[in-house]
Amino acid sequence: MIARVTLELAVGREFDYAVPPELAGQIELGTRVEVPLGRRKALGLVTGVAEASGQTHLRPILRVVGGPALVTPVVLRLARWIAEYYCCPPELALRSVLPEAVRRPEAGWRQRLQVRMLPAQGPFPKLTSRQKEVWHVIEERRSLPLTELLELTGATISTVRRLEDRGLVEIVPQIEERDPYGREQILPSQPLPLNEAQARALAAIQQALDNPEPGNETGPEAGGREPAGSSGLPRTFLLHGVTGSGKTEVYLQAIAAALARDRGAIVLVPEIALTPQTVERFKARFSTGPLRTLVAVLHSHLSAGERHDEWHKIRQGRARIVIGARSAIFAPVQRLGLIIVDEEHEPTYKQEEAPRYHARDVAVVRGQMERAVVVLGSATPSLESYWNARRGKYTLLVLPERVDQRKMPRVRVVDMRQATRAERGVPVFSPQLREAILQRLEKREQVILFLNRRGYATALQCPRCGYVARCPNCSVALTYHRAIAQLLCHICGERQPAPSTCPTETCRDPAIRYAGLGTQRIEEALQRQFPRARVQRMDSDTLKRKEDYRRILGEFRAGRIDILVGTQMIAKGLHFPNVTLVGIVHADLALHQPDFRAAERTFQLLTQVAGRAGRGEVEGEVIVQSFTPYHPAIQYARRHDFEGFYEEEMQYRAQLDYPPYSRVALLTLRGRNEDKVKFVAEHVRRELEQRLSGWSDLKMSGPAPAPLERARTYYRYHLMLRTRRMLPLSRELGAWLTGAALPEDVLLTVDVDPVTLL
Ligand code: ADP
Ligand code: ZN
C-alpha cells in the first residue's frame with residue numbers, strides 16, 4: 001500500500017510514500033504523518049491511499065502523528081473541491097479544513113492531577129492527625145482535583161503522597177475539558193407548538209431526512225439541477241421567513257428530527273450573531289431528554305486549547321451538534337444529516353483570504369456529498385439562493401408572518417432633500433426623526449440609530465435633488481476622486497470630469513458633494529439635541545475587548561441606555577422588546593457603493609434593521625432618512641416586499657449579465673508601482689483573452705482601478721471575468737496561474753464568486 005501525502009509546507013502537490021507494515025493499520029485518509037523530505041522531515045496529511053504508485057523507490061512514512069484521522073474523507077473531498085473551484089493550492093484548502101489548534105503536534109488536552117479514593121483493602125492504616133484531616137475530605141468527595149484538595153486542607157503534596165503509599169488513594173492525571181461556555185447557567189427548554197407555516201416547513205425537512213437519496217455534485221453552479229429525491233423535491237431548502245417568524249424554532253426541531261434518526265447537525269451563523277444568547281438557545285434544547293447531546297461551538301474567539309477540545313468532542317461523537325461561524329462547515333461530524341445556514345445572505349460567509357470559499361456554497365456541496373439535508377434561512381435571501389429556489393434547484397419554504405401575528409413595523413421614509421433645503425445644510429436628523437426620538441424618550445421606550453459606514457468609496461450625490469452620477473456601461477455609481485476632480489467607474493474604468501454644479505436640468509446646485517456622516521457625529525448631535533438621554537455608541541472603535549459587546553447589550557437590555565448608536569454590528573438577530581423606534585440615519589451610504597450588489601445590500605440592511613423594531617408588545621416604527629427616497633431598494637424595504645424587490649432587481653442583473661445570471665471571477669493585481677500594476681493587468685487581460693478565445697459566454701471587464709485603490713501602500717487593479725459555468729473557468733485559471741510568469745513585485749489574487757468588489 002502507498003499513501004499520497006499533502007505536505008503542510010506550500011509546495012502545491014502531493015507526494016507518494018510507502019506505508020511500512022507496522023503502520024499499515026493506522027494509515028487512512030486524513031491521518032497526520034511525518035515523512036522524510038530530502039534530508040529533513042516534514043508533516044503532512046494523508047490525502048489519498050492506493051495499491052501502487054507510478055513512481056519507484058518510494059521512501060517510507062516515518063510515523064503517525066496524533067491519534068485517529070482528524071478530517072473525515074468527505075471533508076478531504078471538500079478540500080479538493082475548494083482548491084479546484086476557488087483556484088487555490090491544495091495545501092491552503094487543507095489548512096482551512098483543519099484548524100491550527102488541532103494540527104499542531106503539541107496541542108492536546110489539558111490534564112490535571114486528580115486524587116481518587118480507592119476501595120478499602122485490609123485493616124485501615126494508622127494515620128497522623130494531619131493525614132486524617134486530608135483523608136476525611138477525600139472520603140467525602142471520593143474524587144477531586146489535587147490543587148483543590150491542597151487549597152481546602154492547606155496540606156502539602158507529600159501528605160497526599162503518604163496516603164497514596166498506604167494504598168488509600170491514587171493520584172492520576174485526568175483530562176479536563178475546557179468548555180468556552182462552561183460558566184453559563186443553562187435552563188433546559190422544550191419544543192414550542194409550531195404555527196401552521198412552521199409545521200409545514202418542518203414536515204418538508206423531516207420528509208427529506210427520511211429520504212436520503214444520493215445527490216449529484218454540481219456544487220453551487222449555475223447549470224445542473226439537483227436530482228429530486230423520491231419525495232420529488234430537492235434536498236436543499238431555502239427557508240424564507242420574515243424577521244421574528246420563528247425560523248430558529250424550526251431549526252431546533254429539525255435538528256431534533258435529525259438526532260432522532262441518529263444523524264448529526266451543523267449550524268452556521270454569522271460570526272457576529274454567534275452570541276452567548278444564540279449558543280444558549282441551542283444548548284438549552286439539547287441539555288436534557290432522550291436527544292441529549294453536547295453542542296460544540298466553533299468560532300474565531302476560542303483559545304487554541306478550547307478549539308482543540310471542541311474539535312475532539314465532535315470527532316469522538318460526543319457532540320452531535322456543532323454551532324459555529326464560517327469554518328464550522330468543516331467540522332468532522334459523523335453521520336451528518338442536517339446543515340443549517342442561518343442568515344444565508346450574509347457576505348461574512350465568504351472568507352476574504354485564500355482559500356476564498358463561501359461557507360454557504362460549501363455547505364450545499366457538503367450536503368450533496370454526505371446526503372445531508374441543507375436548510376438555508378433568511379429574512380432577505382440572497383438573489384442567488386432565491387433564484388435557485390425559483391428554478392427548482394432548492395425547495396422554497398416560507399414563513400410569511402411574525403409569530404403571534406405580531407405586526408411588521410411601520411417604515412417611514414424621510415426625504416432628506418427637503419430637510420436640507422429647510423435647514424440650509426445637511427442635518428444629521430430630520431425633524432421627523434427628532435420628533436420621534438423625543439416621543440420615545442418621554443415614554444421611556446428605547447431607540448436604535450443605525451449608520452452603515454462600511455465601504456471606502458464615496459459617490460457624488462447632490463444634497464438638493466439627490467442626483468447620483470452613474471457609469472453608462474456598468475450601471476453602478478461612479479466614484480468621486482476629489483484630488484483629481486474626476487468620476488471613475490471601478491468596474492470598466494470609465495472616467496469623467498466631476499461636474500461643478502449638479503447636472504440635473506432643474507437643479508444646477510453648486511453644492512453637489514458627498515455628505516459625510518460618522519457614528520461619532522451622530523453621537524455628538526444626540527448629546528447636543530437630547531442632553532438628558534443616555535447614549536451609547538457601538539462600533540468597532542468602541543468595542544475594544546470581547547466582553548464589551550456583551551456588556552453594552554446587557555446594559556441596553558436592562559434599560560440603562562436610552563439610545564444605542566451603531567453600525568451593522570447591531571443589525572443582526574438581536575431581540576429587544578422595549579425598542580420601539582429604529583432610525584436609519586443615512587440609507588444611501590450603502591446604495592451608492594460601486595458594486596452591482598449595492599441595491600441588494602441596502603434592501604437587506606434596511607429590512608434586517610427594521611426587524612429590530614417592535615419585537616415586544618408595542619408596535620414598532622422605523623424611520624429611514626434618504627436623499628433618494630424613491631429608490632426601489634428603499635421603497636420595497638419600506639413595504640416589506642421581498643418578491644417585488646427581487647423581480648425588479650433581477651431585471652437589472654439580467655440586462656447587464658450580473659450574478660446570479662452569470663458567475664464572476666475577480667482578479668486583483670497589486671503592487672507598489674502603479675504604472676507597473678496597470679501594465680501587468682493589461683498584459684494579464686491579453687493573455688487570458690488569448691487562452692480563452694474559444695469561450696463563447698465569457699465577458700471580461702477592466703482592468704480598472706479597484707474601488708479600494710490603494711490599500712496599505714499597494715495600488716490595486718481589477719479584472720472581472722463573467723461566465724455561466726464557473727468550474728471549467730476555474731480549472732483554466734488554475735492551470736494558467738501555475739505557469740504564469742508575473743513580475744515578483746506584482747501580486748495576483750483570484751476571487752471566485754466575490755461578495756464585494758472592493
Ligand atoms: P427568527 O429567527 O425568524 O427571527 P425567532 O426564531 O427568533 O425568529 O423567533 C422569534 C420569537 O418567537 C422567539 O422568542 C421565539 O421563541 C418565539 N417563537 C418562535 N416560534 C414560536 C411558536 N411557534 N410559538 C410561540 N412563540 C414562538
Ligand atoms: Zn463602468
Side-chain angles (χ1 to χ4, degrees), residues 186-206 237-257 265 267-287 295 321 323 338-346 349 360 375-382 385-386 396-409 448 553 557 568 570-580 582 603-620 622 637 640 642:
I186 293 175
L187 299 174
S189 82
Q190 296 301 320
L192 298 169
L194 299 182
N195 64 30
E196 220 181 289
Q198 285 175 314
R200 228 176 300 131
L202 179 65
I205 296 167
Q206 279 173 332
F237 294 91
L238 176 61
L239 179 62
H240 177 206
V242 301
T243 51
S245 60
K247 291 185 288 296
T248 311
E249 188 60 34
V250 174
Y251 301 154
L252 286 165
Q253 299 197 23
I255 294 170
V267 183
L268 298 186
V269 295
E271 178 91 43
I272 151 181
L274 193 59
T275 57
Q277 234 187 327
T278 310
V279 172
E280 275 162 33
R281 257 177 108 175
F282 285 82
K283 290 204 169 200
R285 186 60 59 87
F286 302 100
S287 62
V295 177
I321 304 169
I323 177 165
L338 179 66
I339 306 174
I340 288 163
V341 185
D342 191 26
E343 311 277 10
E344 65 86 27
H345 64 279
E346 262 297 309
Y349 281 125
R360 180 237 295 145
V375 179
L376 313 177
S378 176
T380 51
S382 62
S385 295
Y386 206 72
L396 184 64
L397 305 170
V398 188
L399 307 181
E401 279 169 13
R402 288 187 159 183
V403 288
D404 294 343
Q405 282 84 49
R406 207 163 275 159
K407 284 208 198 98
M408 294 300 283
I448 288 179
L553 292 184
R557 182 163 289 115
Q568 48 265 33
I570 56 175
K572 307 280 145 51
L574 303 174
H575 186 92
F576 300 107
N578 199 35
V579 172
T580 58
V582 172
F603 178 85
Q604 289 168 347
L605 218 70
L606 295 188
T607 308
Q608 296 281 346
V609 175
R612 298 309 111 221
R615 292 203 143 211
E617 295 307 314
V618 195
E619 193 186 337
V622 179
H640 308 288
F642 175 82

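Whatever order the structure lists ligands and atoms in, that order sets their numbers, starting from 1.
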State if Pro193 counts as touching ligand 1 under the rule of any non-hydrogen atom under 4.0 Å.
yes
Which ligand 1 atoms are under 4.0 Å away from a heavy-atom of Lys247?
1 (P), 2 (O), 3 (O), 4 (O), 6 (O), 8 (O)
Between Glu344 and Ser382, does a side-chain contact (heavy atoms from CB on, under 4.5 Å) hold up when you go through it step by step?
CA-CA 7 Å; Glu344 65 86 27; Ser382 62; 3.3 Å; yes
Before signing off on this row, confirm whether Leu192 and ligand 1 have an N or O atom pair separated by under 3.5 Å.
no
Minimum distance, heavy atoms only, to atom 7 (O) of ligand 1: which one of Gln253, Gln198, Glu249, Arg281 is it?
Arg281
In Å, rounded to the nearest 0.5 Å, how long is the span from NE2 of His240 to CG of Leu376?
13.0 Å
Does ligand 1 have an atom under 4.0 Å from some heavy atom of Val242?
yes
NZ/NE/NH1/NH2 to OD/OE distance under 4.0 Å, Glu249 and Arg285:
yes
For the residue pair Val250 and Val375, establish whether any side-chain heavy-atom pair is separated by less than 4.5 Å.
no
Say whether Ser245, considering both its backbone and side-chain N or O atoms, lies within less than 3.5 Å of an N or O atom on ligand 1.
yes
Separation of Leu238 CG from Ser378 OG (nearest 0.5 Å)
7.5 Å
Using modelled atom types only, decide if a donor and an acceptor are shared between the side chain of Tyr349 and the backbone of Leu268 within a distance under 3.5 Å.
yes
Pull out every atom of ligand 1 sitting under 4.0 Å from any heavy atom of Leu194, numbered as shown with elements.
23 (N)
Just jot down the ligand 1 atoms closer than 4.0 angstrom to any heavy atom of Gly246, in number order.
1 (P), 3 (O), 5 (P), 6 (O), 8 (O), 9 (O), 19 (C)
Numbered atoms of ligand 1 (with element) below 4.0 Å of Asn195, judged on heavy atoms:
23 (N)
Could you pull out the closest heavy-atom pair between Ala637 and Phe603, with the gap in Å?
N-CE1, 3.4 Å
